[in-house]
Amino acid sequence: MEEIIFYSPIGYLLLQITKRGIYAVKKIEKGETTGSHPVAEMIKRYLEGEKVDFAKIPIDWSGYSPLQKKVLEKVREVPYGEWRSYSWVGKEIGLNYGWRYIGKVLSLNRTPIIIPCHRIIYKNKNLGGFTWGKEVKKFLLELEGISL
DNA sequence: TTATTAAGCGAGC
DNA sequence: GCTCGCTTAATAA
């Protein structure tokens, strides 16, 4: 497990990487930058407003159930600058009425930004919740040009 | 096997 | 605007 701490427009971020890929991204209050990593640089550029493609970054899925992984992989397919509802995700993966479970799965997401779960909001355009708080979610959506 | 849980949604007032 | 009822899979007891 490799750990990189770097500074971004939303604060210090801790990036955890295993042999299989990105394991987790965490927001921390204080810290000192501890070197760099290509993925850390991509996240930093993204948070500064640049359009970055995270699709090719490998993710360490260990700990997720098959269905949870399916949900998160579907969320990754949502293109930059667009948003989807929780029920859209549910229908896409074949849960006709079980979309309430989607919220549960997204709350388990260890890698915000890389898996853009901030692009999943209420149908009426209210924000749902977010691992790092609604303020960060709003920041990310406005960054991509989505008005609420 | 049962109870609890989670970041939603639409109907009806 | 607000309240209410509901679905699903995962986890714990």
Side-chain angles (χ1 to χ4, degrees), chain A residues 1 3-31 37 39-40 42-148:
Chain A
M1 175 84 76
E3 295 194 335
I4 305 284
I5 296 172
F6 61 101
Y7 189 70
S8 78
I10 59 172
Y12 286 97
L13 297 178
L14 171 64
L15 190 62
Q16 294 180 325
I17 306 155
T18 68
K19 281 178 291 186
R20 284 186 291 266
I22 308 301
Y23 178 79
V25 182
K26 292 176 182 174
K27 191 171 181 296
I28 54 180
E29 293 304 316
K30 293 179 184 177
H37 185 279
V39 175
M42 287 177 75
I43 293 172
K44 205 190 293 181
R45 288 210 311 274
Y46 168 80
L47 290 171
E48 286 166 356
E50 190 175 329
K51 186 175 174 180
V52 176
D53 181 18
F54 294 112
K56 290 172 187 168
I57 296 176
I59 289 177
D60 186 344
W61 298 103
S62 57
Y64 292 122
S65 74
L67 183 59
Q68 288 163 352
K69 188 181 163 192
K70 206 172 171 183
V71 170
L72 295 174
E73 284 185 323
K74 179 58 66 180
V75 171
R76 285 188 92 187
E77 294 174 13
V78 179
Y80 187 99
E82 295 189 25
W83 62 273
R84 295 290 186 276
S85 68
Y86 292 83
S87 60
W88 176 88
V89 179
K91 280 187 181 175
E92 281 293 308
I93 63 167
L95 291 174
N96 287 328
Y97 298 98
W99 30 256
R100 193 160 182 207
Y101 181 66
I102 305 295
K104 165 86 169 174
V105 174
L106 294 190
S107 71
L108 299 173
N109 177 21
R110 290 186 300 247
T111 52
I113 298 176
I114 295 174
I115 298 174
C117 60
H118 58 276
R119 295 189 191 129
I120 310 300
I121 60 178
Y122 275 40
K123 264 191 173 168
N124 61 14
K125 282 193 156 188
N126 285 345
L127 298 175
F130 193 60
T131 312
W132 295 343
K134 288 183 186 176
E135 292 306 312
V136 175
K137 186 167 186 173
K138 189 179 173 190
F139 174 83
L140 294 172
L141 291 169
E142 288 178 347
L143 191 69
E144 300 190 8
I146 299 170
S147 59
L148 302 173

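We use all heavy atoms of the structure for the numbers below, so side chains are in, but hydrogens, waters and symmetry mates are not. Residue numbering restarts at 1 for every chain, and letters A, B, ... go by the order of the sequence lines.
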Of A/Asn109 and A/Lys123, the one whose closest DNA chain B nucleotide lies more 5':
A/Asn109
Please confirm whether the backbone N or O of A/Pro79 pairs with a side-chain atom of A/Glu82, one donor and one acceptor, at under 3.5 Å?
no
Any donor and acceptor pair, going by atom type alone, linking the side chain of A/Arg110 with main-chain N or O of A/Tyr23 inside 3.5 Å?
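Present.
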Nearest-Å distance, [atom1] ([X]) to [atom2] ([N])?
{"X": "A/Leu95", "N": "B/dA6", "atom1": "CG", "atom2": "P", "result": "19 Å"}
{"X": "A/Arg119", "N": "B/dG8", "atom1": "CZ", "atom2": "P", "result": "20 Å"}
{"X": "A/Ile121", "N": "B/dG8", "atom1": "CD1", "atom2": "C1'", "result": "12 Å"}
{"X": "A/Lys104", "N": "B/dC9", "atom1": "NZ", "atom2": "P", "result": "18 Å"}
{"X": "A/Ile93", "N": "C/dT7", "atom1": "CD1", "atom2": "P", "result": "18 Å"}
{"X": "A/Asn126", "N": "C/dG1", "atom1": "CG", "atom2": "P", "result": "10 Å"}
{"X": "A/Lys91", "N": "B/dG8", "atom1": "NZ", "atom2": "P", "result": "17 Å"}
{"X": "A/Leu127", "N": "B/dA7", "atom1": "CG", "atom2": "P", "result": "14 Å"}

State whether the number of non-hydrogen atoms from other residues, nucleotides or ligands found under 6.0 Å of A/Lys27 atom NZ is greater than 12.
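Result for NZ/A/Lys27: enclosed.
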Which of B/dG8, B/dA7, C/dA10 is nearest the side chain of A/Gln68? It is C/dA10
Is the shortest distance from a Lys or Arg side-chain nitrogen in A/Glu144 or A/Arg119 to a carboxylate oxygen in the other one below 4.0 Å?
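Yes.
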Return no unless some side-chain N or O of A/Tyr122 is found under 4.0 Å from OP1 or OP2 of B/dG8.
yes
Ring-plane angle category for A/Phe54 and A/Tyr46, please: parallel below 30°, perpendicular beyond 60°, tilted otherwise.
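It falls in the perpendicular class, over 60°.
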Distance criterion of 3.5 Å, no angle test: do you see the side chain of A/Tyr86 paired donor-to-acceptor with the base of B/dA7?
yes
What is the base-pairing partner of C/dT7, counting Watson-Crick and G-U wobble geometry with both distances under 3.5 Å?
none
Counting Watson-Crick and G-U wobble pairs only, both distances under 3.5 Å, name the nucleotide matched with C/dG1, or none.
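Here C/dG1 is engaged in a pair, and the nucleotide opposite it is B/dC13.
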For a quick check of understanding: with a heavy-atom distance under 4.0 Å over all strands, which category does [X] fall into, base, sugar-phosphate or nothing?
{"X": "A/Leu106", "value": "base"}
{"X": "A/Ser107", "value": "base"}
{"X": "A/Thr131", "value": "base"}

Between A/Arg100 and A/Leu108, just flag the one whose closest nucleotide in DNA chain C comes earlier from the 5' side.
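Comparing both residues, the 5'-ward one is A/Arg100.
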